[in-house]
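Beneath this line is the structure, given in structure tokens, with notes to follow.
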Amino acid sequence: MGDDNDEKPPALPAGLVPPEGFEPDADGVYRATDSINAKWAARGPYVIPLSLDGHESLSFEPRQFSGWASYLSEEFDRSRAVLLLHIGPCDSGPSAPLAIREVRLMTLEPVNFPGSSLLRLIPWERIEAAVNLPSRRPVLADFIESRFPAPSEGPQLSLMEWAFRRPAEKLHEPDMRLDIPEGYRKPDAFYADVAERFLQAAAISSRPAQDLAEANDVKPTTVHRWIREAKARGLLALPGDRKPRTSDDSS
């Protein structure tokens with residue numbers, strides 16, 4: 001006879017069935033089966049360029065909701081190092097922007113300088129701009145867990161080909177020109193366009209507001225005003241703009 005104290009996987013609520021391709025493990029946690037993992041692996045990684053020449057990029061693990069991406073650059077290539085980033089919501093608030101939640105640095109051979117020097121090469125703000133691009137978020141919804149804090153089992157290191165995938169083609173110079181309406185008050189559609197183009201520039205440039213100003217023949221202060229308004233309307237969100245949530249916020 002079995003011990004009455006033996007733990008059993010908890011039963012699912014009535015009417016709720018596990019997603020296709022998931023089965024409970026010994027702890028009752030539903031995990032992807034080998035067959036569904038193979039299906040995700042077949043689709044390949046999702047690659048985001050971070051430079052026009054494609055030498056700098058993010059490559060997302062194809063496993064659904066994994067959230068793990070590798071950061072590729074010539075500096076890390078020369079150092080024979082692999083940088084893995086876990087991406088997830090920055091907080092539990094509604095429509096929370098995505099942020100880097102965890103960092104893992106692996107060296108393939110002894111390096112000539114400490115790991116901290118490598119970490120200083122990571123373009124944190126450009127990466128977070130790239131993953132929060134409004135037109136990109138629907139695609140990333142299938143690669144990144146939406147819950148906070150996002151659970152992380154770590155990437156599958158047995159199938160690491162995805163971690164070295166770069167863009168198949170060079171990135172075209174993004175079009176920064178805006179259709180600027182007349183008058184001081186402008187519609188949401190304009191500020192949504194500002195958010196999209198600003199984040200496009202911020203993913204590949206250290207001076208996105210200046211780039212946007214030059215492309216539209218306006219002063220940088222004007223672009224900064226547009227950006228503030230886009231944020232105020234909830235059309236542009238970045239982790240650095242979020243105020244820390246307290247216990248009072250959730251009560």
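Treat the numbers as computed from the prediction; the structure is a model and nothing was measured.
Judged purely by atom type and a 3.5 angstrom limit, R165 has no side-chain atom pairing as donor or acceptor with the backbone of V47. Judged purely by atom type and a 3.5 angstrom limit, E61 has no side-chain atom pairing as donor or acceptor with the backbone of R63. No side-chain donor-acceptor contact under 3.5 Å links S79 to the backbone of A81. Checking side-chain atoms of H86 against main-chain N and O of S66 turns up a donor-acceptor pair under 3.5 Å. A donor-acceptor pair is defined here as one N or O able to donate and one able to accept, closer than 3.5 Å; such a pair exists between the side chain of N132 and the backbone of E128. In terms of modelled atom types and a separation under 3.5 Å, the side chain of S70 and the main chain of L84 share no donor-acceptor contact.
For N216, the side chain to side chain contact (heavy atoms under 4.5 Å, CB included) criterion is met by R177, L178, I180, L212, V218, not counting sequence neighbours. Applying the side chain to side chain contact (heavy atoms under 4.5 Å, CB included) test to P49 and every residue at least two apart in sequence or in another chain returns P167, L171. Not counting sequence neighbours, the partners of S135 by the side chain to side chain contact (heavy atoms under 4.5 Å, CB included) test are L133, E196. With sequence neighbours left out, S206 forms a side chain to side chain contact (heavy atoms under 4.5 Å, CB included) with no residue at all. Not a single ring-ring contact (aromatic ring centres under 6.0 Å, His included) links F60 to another residue, sequence neighbours left out. Residues passing the ring-ring contact (aromatic ring centres under 6.0 Å, His included) test with Y191: none are found, sequence neighbours excluded.
Ion pairing between a basic and an acidic side chain is recognised when a charged N comes within 4.0 Å of a carboxylate O; D179 and K186 show no such pairing. Between E229 and R225, no side-chain nitrogen of the basic residue sits less than 4.0 Å from a carboxylate oxygen of the acidic one, so the salt-bridge criterion is not met.
Within the 4.5 Å cutoff, no side-chain heavy atoms of L58 are placed close to those of L72.
Among all heavy-atom pairs drawn from P134 and L235, the shortest one is CG-O, 4.5 Å.
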| task | Carefully, step by step, assess Y71 and F76 under the rule ring pair (Phe, Tyr, Trp, His ring centres under 6.0 Å). | result | CA-CA 9 Å; Y71 168 70; F76 276 80; 5.6 Å; yes
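Not less than 6.0 angstrom separates the ring centroid of F198 from the ring centroid of W226.
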